[in-house]
Amino acid sequence: ALLFFLLFGGEYYGTYLEKATFYDLFYISIGLQLVIVYLWLYLAFHLVSSFVIFVYRKKNRLPDDYDDNFTVGIKKLSRFFFFVIFAVYAVDTAIIPLQDLLASLAIGTFLIGLVFKDYLLNFLNGIDIMFSGKIRLGEYVKIDNDKGKVKDLTFAHVELLTDAKDVVYIPNNYVKTKHVVNYSRSRVKNIFVDVTLDKSRFEYYKELHRYIPSKVVKQFPDIIQNEEKVRIHFEGVEKDSVKWSIEYILAKYSFEIENKLKNFTGEMIVDFFNRKDKLKKKKEEEEEAGDDPKKKDSPIETTRRVDEDD
């Protein structure tokens with residue numbers, strides 16, 4: 001842009017400056033001053049943040065394009081302070097002297113604090129989340145009822161990417177006050193599948209207790225290593241149903257694995273009862289056929305069977 005100005009705009013602006021008044025020259029000088037300060041500040045903050053990130057990556061033997069909470073936090077803090085310092089300088093230079101600005105702000109500090117209290121607290125909580133390391137980029141977490149992979153951390157919110165590819169934005173204040181589960185750091189990675197059975201089905205409980213572990217281990221040998229990693233817990237009895245839960249202790253965890261296990265569990269139980277219903281129906285039909293005189297063996301068929309036996 002500067003080269004374009006020197007090549008094509010110099011003559012035009014030279015003529016303009018000859019006719020410019022004192023105030024025109026004053027504002028032009030302020031504009032040029034702000035442009036120079038903007039570029040200088042941007043370069044300074046960029047170099048400092050890049051150097052800090054470079055040292056951090058080299059110290060921890062990380063790839064040059066690796067990003068985590070620390071690098072993201074440094075980049076965002078650098079941009080924030082660059083904007084704040086430039087904004088204060090611009091206001092002091094072009095609008096209100098800094099001393100007068102601070103005096104004006106001091107008068108309304110209490111009101112400003114009341115209005116922006118939640119925003120300030122959200123900002124401070126964002127810094128704490130970034131640099132505390134309790135939640136890191138790429139980790140699987142559950143914040144209250146929201147579960148997903150941490151995609152980004154900002155001063156305003158935590159960004160989660162669910163397995164359904166939905167993006168959820170959770171304010172930092174909410175994150176700090178809610179129960180957070182970090183599945184990526186849990187030593188024991190387990191999930192629970194709640195099951196509700198009609199009381200008429202409870203006669204199959206013991207058989208299901210043996211059937212489910214063997215079936216699941218056979219289907220997911222790399223995730224559930226043996227049948228002892230499948231535990232069935234009796235939860236209670238209601239008016240017309242019985243509640244119990246299946247606990248899976250996993251060798252590795254992801255929300256994709258959790259969804260597969262839950263879907264497989266549901267399909268497995270439905271298939272189990274479908275087969276039981278078919279066997280029960282077949283048995284009832286055989287019993288009805290045995291009691292029906294029309295379907296009993298005729299004397300000729302009985303004599304033939306006796307002869308064959310002889």
Side-chain angles (χ1 to χ4, degrees), residues 139-150 160-168 170 174-175 177-292:
E139 291 184 334
Y140 287 102
V141 299
K142 178 181 179 182
I143 303 173
D144 200 15
N145 294 321
D146 296 306
K147 294 191 293 185
K149 186 176 183 180
V150 180
L160 296 184
L161 179 66
T162 68
D163 282 349
K165 304 305 178 184
D166 296 324
V167 179
V168 181
I170 305 176
Y174 192 83
V175 175
T177 57
K178 295 299 179 180
H179 181 64
V180 178
V181 179
N182 194 326
Y183 293 103
S184 297
R185 300 191 200 177
S186 177
R187 293 183 179 179
V188 179
K189 299 175 175 62
N190 56 354
I191 63 172
F192 291 85
V193 180
D194 296 323
V195 180
T196 301
L197 290 180
D198 189 87
K199 282 187 177 181
S200 60
R201 301 286 194 180
F202 194 65
E203 60 181 302
Y204 301 113
Y205 175 77
K206 291 184 178 179
E207 190 173 348
L208 270 174
H209 198 288
R210 297 188 299 269
Y211 174 78
I212 291 175
S214 60
K215 192 76 174 178
V216 172
V217 171
K218 184 178 179 180
Q219 182 70 20
F220 302 97
D222 296 334
I223 301 172
I224 302 175
Q225 298 172 343
N226 54 63
E227 295 184 13
E228 294 180 357
K229 303 296 184 181
V230 182
R231 301 171 182 175
I232 300 178
H233 307 282
F234 180 76
E235 300 293 342
V237 180
E238 295 188 353
K239 183 178 179 181
D240 299 317
S241 61
V242 178
K243 290 192 172 184
W244 46 290
S245 62
I246 306 171
E247 179 185 5
Y248 296 120
I249 301 176
L250 314 178
K252 55 183 177 180
Y253 178 86
S254 71
F255 290 133
E256 182 180 357
I257 290 174
E258 179 178 350
N259 290 334
K260 285 182 178 179
L261 269 171
K262 288 183 175 180
N263 292 334
F264 178 78
T265 300
E267 294 170 359
M268 173 180 58
I269 293 175
V270 170
D271 180 66
F272 174 84
F273 284 117
N274 284 339
R275 288 191 293 106
K276 287 297 179 182
D277 290 340
K278 289 180 180 178
L279 290 174
K280 187 176 181 179
K281 185 177 180 180
K282 183 177 180 181
K283 185 178 180 180
E284 291 174 352
E285 291 176 351
E286 290 176 350
E287 290 176 354
E288 290 177 2
D291 295 336
D292 189 352

With side-chain contact (heavy atoms from CB on, under 4.5 Å) as the criterion, how do Lys276 and Glu207 come out once you've worked through the C-alpha distance, each side chain's angles and the decisive distance to 0.1 Å? CA-CA 11 Å; Lys276 287 297 179 182; Glu207 190 173 348; 2.5 Å; yes
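- When Ile212, Ile223, Asn190 are each tested for a side-chain contact (heavy atoms from CB on, under 4.5 Å) with Tyr248, only one passes: Ile212.
- For the atom pair NZ (Lys262) and CD1 (Ile246), the distance works out to 11.5 Å, reported to the nearest 0.5 Å.
- Taken from CG in Leu160 to CD1 in Ile170, the straight-line distance is 4.0 Å, to the nearest 0.5 Å.
- Side-chain contact check for Asp198 versus Phe273: every heavy-atom pair is 4.5 Å or farther apart.
- Looking at Leu197 and Leu208, their side chains come closer than 4.5 Å, going by heavy atoms from C-beta outward.
- The two residues His179 and Val181 have their closest heavy-atom pair at NE2-CG2, 3.5 Å.
- In this structure, the side chains of Val216 and Leu261 come closer than 4.5 Å at one or more pairs of heavy atoms.
- When side chains are defined from C-beta on, Glu258 counts as touching Lys147, because their heavy atoms get closer than 4.5 Å.
- Scanning for side chain to side chain donor-acceptor pair (under 3.5 Å) contacts around His233 gives Glu247, with sequence neighbours left out.
- Separation of atoms CG (Asp146) and OH (Tyr174) is listed at 6.5 Å; rounding is to 0.5 Å.
- If you take CZ on Phe220 and CZ on Phe264, they are separated by 5.5 Å, rounding to the nearest 0.5 Å.
- Between Lys281 and Asp277, no side-chain nitrogen of the basic residue sits less than 4.0 Å from a carboxylate oxygen of the acidic one, so the salt-bridge criterion is not met.
- Rounding to the nearest 0.5 Å gives a distance of 4.5 Å between OH of Tyr211 and CZ of Arg275.
- Other residues, nucleotides and ligands contribute only 12 or fewer heavy atoms inside 6.0 Å of the NZ atom of Lys149.
- At least one side-chain heavy atom of Val168 sits less than 4.5 Å from a side-chain heavy atom of Thr162.
- A distance-only check finds a donor-acceptor pair linking the side chain of Asn263 to the backbone of Asn259 [under 3.5 Å].
- Across all their heavy atoms, Val217 and Gln225 have their closest contact at CG1-O, 4.4 Å.
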Check the pair Thr196 / Val242 against side-chain contact (heavy atoms from CB on, under 4.5 Å), numbers first and verdict last. CA-CA 6 Å; Thr196 301; Val242 178; over 6 Å; no
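- For the atom pair CG (Asn182) and CD1 (Ile143), the distance works out to 9.5 Å, reported to the nearest 0.5 Å.
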